[in-house]
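Data first, discussion second: the structure below is written as structure tokens.
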Amino acid sequence: MAVAERYAVKESEAHWQQVWAERDCFRATEDPGRPKYYVLEMFPYPSGRIHMGHLRNYTMGDLVARFRRARGFNVLHPMGWDAFGLPAENAAIQRRVHPAKWTRENIAAMRAQLQPMGLSLDWSREIATCEPAYYRHEQKMFLDFLKAGLAYRTEAWVNWDPVEHTVLANEQVIDGKGWRSGAPVERRKLAQWSFRITRYAEDLLRAIAELERWPDKVRTMQTNWIGRSEGAHLRWDIQGRDEALEVFTTRPDTLYGASFCAISPNHPLASELARDNPDLAAFIADCARLGTSEEAIETAEKKGFDTGLKAVHPFDESWTVPIYVANFVLMEYGTGAIFGCPAHDQRDFDFAKKYRLPIIAVVAPRDADVEAFSNDLVAGDEAFVGDGVAVHSDFLNGLSVTEAKRAAIARVESLGKGAGTVQYRLRDWGVSRQRYWGCPIPVIHCDACGIVPVPEDQLPVTLPEDVTFDAPGNPLDHHPTWKHVDCPTCGRAAVRETDTFDTFVESSWYFARFCAPQSDTVAFDRAAVDYWLPVDQYIGGVEHAVLHLLYSRFFTRALRECGYLTVAEPFAGLFTQGMVTHETYQAADGSWLEPAEVDKTGDGAARRLSDGSPVTIGRVEKMSKSRRNTVDPETILETYGADAARLFIVSDNPPDGDMEWSDAGLEGAWRYVNRIWRLVATPPVEMPPMGTPVPVADLDTATLGLYRRAHKTIAGVTEDLERFRFNTAVARIRELTNALGELKPEAPGAGAVYRFCVETAVRLLNPMVPHLSESCWTALGGTTILAETDWPEADPAHLVDDTVTLAVQVNGKLRGQVDLPKDCPKDQAEAAALALENVRAHTDGKTLRKVVVVPNRIVNVVVG
RNA sequence: GCGGACGUGGCGGAACUGGUAGACGCAGCGGACUUAAAAUCCGCUUCUCGGUGAGAGUGGGGGUUCGAAUCCCUCCGUCCGCACCA
């Protein structure tokens, strides 16, 4: 069969996609006899169109999946849709289309857009989280969490948008205002459903150490987010009252430096006192208005209000300090109350200066003269927060900070005034949202029975289809009938919970559902989840470093506690890919231009295509609608095909860094795709049939070198792909194909070596450019298809050369090189180096001090 | 402020446990082929210098070493995360 000289991309890509589909190459089945490998990319939100970030993410995942499959693993590589969320409701409001219809149409459109990428996905496992077949299981999980005490309802402070009548996530509050309504957000206390993630705080933290195949960056972020600190709860009696003030501190060693206590404006004691004290009430209202935005915190002055109450020091009943209400004390952390030690905490220091409170130094720097140490040392502008020795502290004197902490806690405990404790920054996960397009929370509120879980045989609680979005607030709340039900317990009229789950709940377990998505009756087939989990390689954006990735780790533990599965950690390996960026363009009037509107081909400055007016080329930034610097993947795929795009994506730069999308870079990949094809279609030397052994013994030095180079390439590329070094893997393959230009066609065995090199390149390129490599493989005479063919093996005998080139230095400067037999004796290398003319020129007339020989590497001649 | 990552040609980036800095690609320059263009192929491409060679060079300065992009100290800069967390 004649091989076309030009590579027909469209036909090739369509053909192979059809072949893979017909042969069902990528369907995964559990097979305990083979090592499994679960590759997963973070599933997309069905916004309607795929973007470059998707293209990059799925290209990497597909590369890994195809590579592992060829390496003999039983690979699971599924795809689905994170289908609940606010954009669907916005579309309903703006375009009067039902969220379900909008979402399902978007899924269909995006599935069609993904198809030309040639991804090796098992589509039989596709899931969409907005379907009752999916979320019914989530409702069952919630009921199990309720029973296990992992879900509960409580009053919580939330961001409330008074115009939209809904809770907003922190991310949706911009400059203290609702992102859509522009109305100032109120802090409100509302009854909210929460998941008890804090139950696992210690375990989530401890296990981070074992996530060896996670980026350090993400591990650090999760560690900080959980925010463990050791300290003590202390009880300060309040003079004239029965109750005590409970405070949390990490510095019990500084108790003898206490000069005040402070409570949060939201502290119950503050509220109580405010009832009879209009000034305090005004102060608290003032604090509430300040908000919690970054700038507000940055610029806010430390302010306090003296309640007039006195707290009694735990170690000394005759010692009292004033109790303030202070704007910098958070109700959400610790007990909402602190004791202030101004000498050793900067914030307390500033506060004490402002309100003229005593500043008592109780920790002396190690190099200070303890006897002479006085308040002078902290009388400047800064508190002393370093390590040191306790002073002016009675029984603690002379102890280090660590020892003093321990001793102070022991004393506090023996006095019954508190206890050592561990405090976390992590809070429980509030999952209630006052929205329609989410999973209904399956409980019923009954006046007589309280909160009644929906009986399991009545699941799923499905969303009503007939909803309207013309009134602000939650459509479920406005629905005429949906929420009105009889109480399952007493039978009297009751109402459904109208809150729905945060969409992060769905994404907290989808990876497990992929293991066995077929069942209606159970969430997971136990054997299937136990076989596939954990995910061996998870790939996605770093923006989920804390939220999704922490929620999923919690959820997996909770599911384990409820008997759903066996593992605790969902993702054994994590890779966070960088963003896709692009140059930005601005017209003379400052408006942003799309790349397609700009002509950069002419010499000199860029011009606008429409009228030739000058264009300013701006910074390279993340692709975004506001900068208009986006490139549509669909156009790219239509013009160049999937393989060129995939090749560009993996070869341009390391996958964890940001990549700059450029036409020139894509063109370069496109040229290489065609070049590979030409290597196959128009070889410069006649190739023997596939399978003909390479006559190694007959090869001359240069041809043997080329043959060995192919083996080295196999070894190098394999190693690179294992370690996510896609860019250097491609570079190695390019080096091999570049070296083919040096082949002498008349040399013995040239045809066989050429064939071997080309076959090797084609097989190694398969994970990156699957269609092209299949076409090449067939054209080369291959009768298998590469998607089902094993990865090439490097012959260890050909990975090392008989001779090596050593660099020769004189006093550390390169002066030449010598070719020597591998592992030759040091004196031979030394002699060869000293014999070099250029070495002589630099050593003549000087004293030879020594010669350093690093075998097979370098000879350094030291003269003086 | 706290925590983390990083700084290499015009650009993206290579460089194993310290051992020939700049692989591979993009852009650029020159040549071949062509009536011409595109495509392709070949060559050059860190800077400086009278150039078959030498000097400088991996953000700046210092140090360890026969030898440093790599290790140590210090300064500068960029990016990211958290941010009144007691």
Side-chain angles (χ1 to χ4, degrees), chain A residues 6 215-225 227-229 231 247-251 254 261-262 264 290 292 294 296-298 300-302 326-330 332-341 344-348 350-351 423-427 542-543 545-546 620 647-648 651-654 656-660 662-669 671-672 674-675 678 682 684 716 719 725 727-738 741 805-817 838 841-842 849-864:
Chain A
R6 280 190 64 88
D216 288 344
K217 179 192 167 96
V218 175
R219 298 206 283 178
T220 306
M221 283 167 71
Q222 291 212 354
T223 302
N224 293 341
W225 189 265
R228 182 184 199 275
S229 41
V247 308
F248 173 71
T249 181
T250 56
R251 295 297 301 273
T254 64
C261 281
S264 163
L290 250 169
T292 51
E294 287 177 25
I297 290 164
E298 191 91 7
E301 213 185 331
K302 307 275 172 285
N327 64 348
F328 63 89
V329 180
L330 303 173
E332 296 87 3
Y333 188 75
T335 59
I338 62 163
F339 85 81
C341 174
H344 305 292
D345 180 281
Q346 190 58 44
R347 227 179 11 209
D348 296 347
D350 296 342
F351 193 82
Q423 187 68 45
Y424 297 92
R425 184 184 169 281
L426 183 71
R427 323 255 166 82
V542 74
E543 66 272 17
V546 172
V620 172
L647 183 64
F648 175 44
S651 60
D652 190 57
N653 68 332
D656 51 349
D658 292 348
M659 85 165 285
E660 185 188 343
S662 69
D663 288 347
L666 179 61
E667 295 267 358
R671 281 197 292 272
Y672 192 60
N674 287 286
R675 194 165 150 220
R678 281 194 304 275
T682 58
E719 158 110 15
R725 296 174 5 168
N727 54 325
T728 54
V730 173
R732 278 182 210 275
I733 300 169
R734 293 185 95 126
E735 279 184 83
L736 177 64
T737 53
N738 285 350
T805 304
L806 276 77
V808 180
Q809 300 178 334
V810 177
N811 287 353
K813 289 209 183 303
L814 183 68
R815 298 299 178 191
Q817 39 186 247
N838 200 30
H842 284 90
R849 302 248 189 240
K850 71 168 157 177
V851 179
V852 180
V853 179
V854 182
N856 304 324
R857 277 265 157 79
I858 202 163
V859 179
N860 190 10
V861 180
V862 185
V863 293

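This is a predicted model, so every value here is computed, not measured. So you know, we letter chains A, B, ... as the sequences are listed, proteins then strands, and number each from 1.
- Nucleotide B:A37 forms a pair with no other nucleotide shown, judged by Watson-Crick or G-U wobble geometry with both contacts under 3.5 Å.
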Could you walk me through whether A:Tyr672 and A:Thr737 satisfy the side-chain hydrogen bond (donor to acceptor under 3.5 Å, both in side chains) test, starting with their C-alpha distance in whole Å, then the side-chain angles of each, then the deciding distance to 0.1 Å, before giving a yes or no? CA-CA 10 Å; A:Tyr672 192 60; A:Thr737 53; 2.7 Å; yes
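- B:G53 is paired with B:C49 under the criterion used here, namely a Watson-Crick or G-U wobble arrangement in which both key atom distances are under 3.5 Å.
- Base pairing analysis places B:G10 opposite B:C26; the two distances defining the Watson-Crick or G-U wobble pair are each below 3.5 Å.
- When the side-chain nitrogen and oxygen atoms of A:Arg815 are compared with OP1 and OP2 of B:A54, one or more of them lie within a distance under 4.0 Å.
- A gap of 14 Å separates the C1' atoms of B:U70 and B:G7, to the nearest Å.
- Between B:G25 and A:Asn738, a contact under 4.0 Å exists linking OP1 or OP2 to a side-chain N or O.
- Between A:Lys813 and B:A56 there is a side-chain N or O to OP1 or OP2 distance below 4.0 Å.
- You won't find any donor-acceptor pair under 3.5 Å spanning the side chain of A:Lys217 and the base of B:C80, going by distance alone.
- Checked against B:A86, B:C41, B:G19, the side chain of A:Phe248 finds its nearest nucleotide in B:A86.
- With rounding to the nearest 0.5 Å, the separation of CE in A:Met659 from CG in A:Asp652 is 4.5 Å.
- Among B:U20, B:G19, B:C66, the nucleotide with an atom closest to any side-chain atom of A:Val862 is B:C66.
- Each of B:G4, B:A27, B:U20 was ranked by its minimum atom distance to the side chain of A:Arg671; first place goes to B:A27.
- For the OP1/OP2 pair of B:A83 and a distance below 4.0 Å, the side-chain nitrogens and oxygens of A:Arg425 include at least one atom meeting the criterion.
- Listed nucleotides B:C85, B:G19, B:G12 differ in distance to A:Ile858; the shortest reach to its side chain belongs to B:G19.
- Rounded to a whole angstrom, the distance from the P atom of B:A14 to that of B:G30 is 31 Å.
- The side chain of A:Arg678 approaches B:U40 more closely than any other nucleotide in the set B:C66, B:U40, B:A54.
- Comparing B:U20, B:G4, B:C85 by their nearest atom to the side chain of A:Thr220 picks out B:G4.
- Residue order along RNA chain B, read from the 5' end via each residue's closest nucleotide, puts A:Asn811 first among A:Asn811 and A:Val329.
- Distances from the side chain of A:Glu735 to the nucleotides B:C24, B:C80, B:A83 place B:C24 closest.
- Electrostatic pairing of A:Asp350 and A:Arg347 does not count as a salt bridge here, judged by no charged N lying under 4.0 Å from a carboxylate O.
- Anti is the classification of B:G43, since its glycosidic angle lies more than 90° from 0.
- Between the side chain of A:Arg675 and the base of B:C41 there is no donor-acceptor pair of N/O atoms closer than 3.5 Å.
- For A:Thr249, the side-chain atoms get nearest to B:A86 when compared with the rest of B:A86, B:A54, B:C82.
- Within the 4.0 angstrom heavy-atom criterion, no nucleotide atom of any strand lies near A:Val546.
- Summarising the base pairing, B:A86 is matched to no nucleotide, lacking a Watson-Crick or G-U wobble pair whose two defining distances lie under 3.5 Å.
- Proximity of A:Arg219 to A:Asp216: side-chain heavy atoms (C-beta onward) are separated by under 4.5 Å at one or more points.
- Across all strands shown, B:G4 is found opposite B:C79 as a Watson-Crick or G-U wobble partner, with both distances under 3.5 Å.
- With a glycosidic angle no further than 90° from 0, B:G51 counts as syn.
- Picking from B:A86, B:A23, B:C84 the nucleotide with the shortest atom distance to the side chain of A:Phe328 gives B:C84.
- Within the 4.0 Å cut-off from OP1 or OP2 of B:G53, not a single side-chain nitrogen or oxygen of A:Asn838 is found.
- Although no hydrogens or angles enter the test, the distance criterion places a donor-acceptor pair under 3.5 Å between the side chain of A:Asn653 and the main chain of A:Asp658.
- Checking B:A14, B:U20, B:C84 against every side-chain atom of A:Gln809, the shortest atom distance belongs to B:U20.
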With side chain to side chain contact (heavy atoms under 4.5 Å, CB included) as the test, would you mind laying out the steps for A:Val730 and A:Phe648 before giving the verdict? CA-CA 10 Å; A:Val730 173; A:Phe648 175 44; over 6 Å; no
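- Side chain of A:Ser264 to backbone of A:Val329: a donor-acceptor contact under 3.5 angstrom is found.
- When heavy atoms are screened at a 4.0 angstrom cut-off, A:Gly227 is found touching no nucleic acid atom at all.
- In this structure, A:Arg725 reaches the B:A15 phosphate: one of its side-chain N or O atoms is under 4.0 Å from OP1 or OP2.
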